[in-house]
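Below: one structure, written as structure tokens.
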Amino acid sequence: MATPLSDTSLPQLKTVAVVGLGTMGTGIAEVLTRAGREVIGIDISEAAATQAVAALEASTARAVRRERLTEQERGDVLARFRTFTELAAAADADLVIEVTPESYDIKQQVFRELDAIVRPEAILATGTNALSVTRLAADSARPERVLGLHFFNPAPAMKLVEVVSSVLTSPQAVGAVTDLAIELGKEPVAVGDRPGFVADGLLFGYLNQAAAMYEAKYASREDIDAAMRLGCGLPMGPLALLDLIGVDTARTVLEAMYAESHDRLHAPAPILKQLSEAGLTGRKSGRGFYSYEAPGSATVVRDALTPLEGAALVPGRTVRSVGVAGSGTMASGIAEVFAKAGYEVVLAARSAEKAQAAKARIGKSLSRSVDKGRMTAEAAARTLDLITPAGTYDAFADVDLALEAVAEDLEIKQQLFATFDKVCKPGAILATTTSSLPVVACARATSRPQDVIGMHFFNPAPAMKLVEVVRTVLTADDVHATVREVCAKVRKHPVDCGDRAGFIVNALLFPYLNNAIKMVEEHYATLDDIDAAMKLGGGYPMGPFELLDVVGLDVSLAIEKVLHREFRDPGLAPAPLLEHLVAAGCLGRKTGRGFREYARR
């Protein structure tokens, strides 16, 4: 006999029941009512149901004040939302979306009860982001009508909806909820059933690594969060995001992911368990990685771990002149940054011609700033006059800070530091902009390793605000203090970290990119769906494959190899697909083809 959903026509989902009226359930109910659906809100707590109505009243009132709704439209929206405390209210629903706590016991109980209540053709959707849709479907009397419908918080604002099919799900059910998502103004992404799906599957591994990095005392919570916001353009740092999501929720998701993948990157960092069991679950409890003004507040308050503003480090050294070694984009960008801040800059390269070309590139950059009204022509001319090109590193004899931005090759950098050691005056600070090589290996190429430090600028240096300040075990305190002072003078935000592969940003970014590639290798999702999921669901400025093609697949592979070699974690092994593309010469935008093809210029 045909199942109720075997008909090729798609069911019309006009009446929707939302089971669970917490923050997410209330947000989903608002989206549905404002899109013209009749919504039956169900929660065993009368207080939660009352709060959901109040939240909808408040949000629609704001919409009226902002002239996004008329009073008549607001009245219609409110009239379409009715609340109940019994599941029996879902009897006439075309679609039921459960958004109950992440527990198999709770969700299975809801689905069993719904089996006896809803019409045979009704579709049952779970809002889980951590549990198996297949397992929930298998316990249902009609598994073909069960699927996942994963909204993102806050549901009214976030565009992404992941539509999750199990091997049992009817294509008609998938088609019906996909059409509904589009009518709601959302962008649906079709994915298979595995913990975390696409967006959370990539996001939570990254969050877990950030928690582990903090737990290891490698960097402060403030520096980890600032590094990822300023270095990657993310709307929120990982530890602040964990507090927003809920530390306990993150731990639940990671446990489910680890149970399936057995990947150490998904094994919850012990600090997540410690905070959860202590009741320090983030914003909702008033304390997690940070402390908040009150439970539910977004306002961070000072606690014992908050760094003192303007805390005096040891006295620094005087820096008036800066030597920048290199002639590429990074070297010229750094030279421009220092010259704009009023420093005298010696820009040295392997030949006078290369140095002159690098200065000319800076001149063009300054001209663009003038054209855009960001500086006057006079200021641009003064800035350019502060830069002296040189074809020999002997020109660094009198600089107070010598900074290299040459090829990411340890042997080349060590040779350059040996040269710095010979030509730079005593007391000069010697810095490397390496993003992945050991700073201490550069330091050991000199007779003064205490004067060597890492200053990792991000490309393009004039625009990017972040500098990772990398101390080795040999770096002197006054050298560290000086570099932080210099960063402030050139209007960059310094973050402190130790001398290990990837520092903060790359150590957190590239495993996430590698995991995205693995998703494509496993045919779990497409490039376009993964990029869309991370931009729409995670607030990322670029999807992982867009970013890989911009960075360069060869550069990405080199960083992946360094991370794998340093940490010896099998989960960090570069994805074979990345290695194959690099071997084929498909390096991204610079070659016209990477994960995608690009028009040749």
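Bear in mind the structure is a predicted one, so any value in this text is a computation, not a measurement.
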What's the spacing between [X] [atom1] and [Y] [atom2] if we round to 0.5 Å?
X      : Y      : atom1 : atom2 : result
Tyr218 : Asp499 : OH    : CG    : 7.5 Å
Arg221 : Leu242 : CZ    : CG    : 13.5 Å
Phe567 : Gln209 : CZ    : CD    : 9.0 Å
Leu230 : Met464 : CG    : CE    : 8.0 Å
Phe151 : Glu162 : CZ    : CD    : 11.5 Å
Ile517 : Leu577 : CD1   : CG    : 6.5 Å

Expected output: side-chain [X] to main-chain [Y] donor-acceptor under 3.5 Å:
X      : Y      : answer
Glu102 : Ala130 : yes
Glu468 : Ile504 : yes
Lys273 : Arg251 : no
Ser59  : Ala55  : yes
Asp193 : Val164 : no
Glu566 : Arg500 : no
Arg568 : Arg565 : yes
Thr433 : Glu404 : yes
Lys492 : Phe457 : no
Asp451 : Leu430 : no

Between Glu336 and Ser365: side-chain donor-acceptor atoms closer than 3.5 Å: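 A pair is found: one side chain offers a donor N or O, the other an acceptor, under 3.5 Å apart.
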Examine the side chains of Thr472 and Thr475 and answer whether a donor and an acceptor come within less than 3.5 Å of each other.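 Yes, because at least one side-chain N or O of Thr472 sits under 3.5 Å from a partner of the opposite role on Thr475.
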side-chain contact (heavy atoms from CB on, under 4.5 Å), that's the test. Do Leu149 and Val163 meet it? Break it down for me. CA-CA 5 Å; Leu149 197 55; Val163 180; 4.1 Å; yes
For the residue pair [X] and [Y], establish whether any side-chain heavy-atom pair is separated by less than 4.5 Å.
X      : Y      : value
Lys590 : Asp554 : yes
Leu234 : Pro541 : yes
Val440 : Pro449 : no
Asn208 : His266 : no

Determine, step by step, whether Asp528 and Arg596 satisfy the side-chain contact (heavy atoms from CB on, under 4.5 Å) criterion, reporting the C-alpha distance in whole Å, the side-chain angles of both residues, the deciding distance to 0.1 Å, and the verdict. CA-CA 10 Å; Asp528 291 343; Arg596 294 186 175 90; 2.8 Å; yes
Among Val324, Val490, Val345, find the one that has a side-chain contact (heavy atoms from CB on, under 4.5 Å) with Val337.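 It is Val490, the one option of Val324, Val490, Val345 that forms the side-chain contact (heavy atoms from CB on, under 4.5 Å) with Val337.
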Test Thr281 against every option in Glu277, Arg283, Lys284 by the side-chain contact (heavy atoms from CB on, under 4.5 Å) rule and name the one that passes.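 Going through Glu277, Arg283, Lys284 one by one, the side-chain contact (heavy atoms from CB on, under 4.5 Å) with Thr281 is satisfied by Lys284 alone.
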Take Arg194 and Glu522 through the salt bridge (Lys or Arg N to Asp or Glu O under 4.0 Å) test and state the conclusion after the steps. CA-CA 12 Å; Arg194 75 183 203 184; Glu522 295 161 5; 2.7 Å; yes
Could you check whether Arg287 pairs with Asp303 (Lys NZ or Arg NE/NH1/NH2 to Asp/Glu carboxylate O, under 4.0 Å)?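 Between Asp303 and Arg287 there is no salt bridge, as every charged N stays at least 4.0 Å from the carboxylate O atoms.
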Would you check, one step at a time, whether the test side-chain contact (heavy atoms from CB on, under 4.5 Å) holds for Asp569 with Leu265? CA-CA 8 Å; Asp569 189 325; Leu265 298 179; 3.8 Å; yes
Set out, in order, the CA-CA distance, both residues' side-chain angles and the distance that settles side-chain contact (heavy atoms from CB on, under 4.5 Å) for Asp400 and Tyr343, then state yes or no. CA-CA 10 Å; Asp400 302 306; Tyr343 288 95; over 6 Å; no
Contacts of type side chain to side chain donor-acceptor pair (under 3.5 Å), residue Asp225, not counting sequence neighbours: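 Listed in chain order: Tyr290.
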When the ring planes of Tyr206 and Tyr540 are compared, do they come out parallel, tilted or perpendicular, using 30° and 60° as the limits?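 The rings of Tyr206 and Tyr540 stand perpendicular, inter-plane angle above 60°.
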Look at the aromatic rings of Phe152 and His150 and report parallel, tilted or perpendicular, splitting at 30° and 60°.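 Correct class here is tilted.
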If the test is salt bridge (Lys or Arg N to Asp or Glu O under 4.0 Å), which one of Asp477, Asp478, Asp496 qualifies with Arg471?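 Exactly one pass, corresponding to Asp477.
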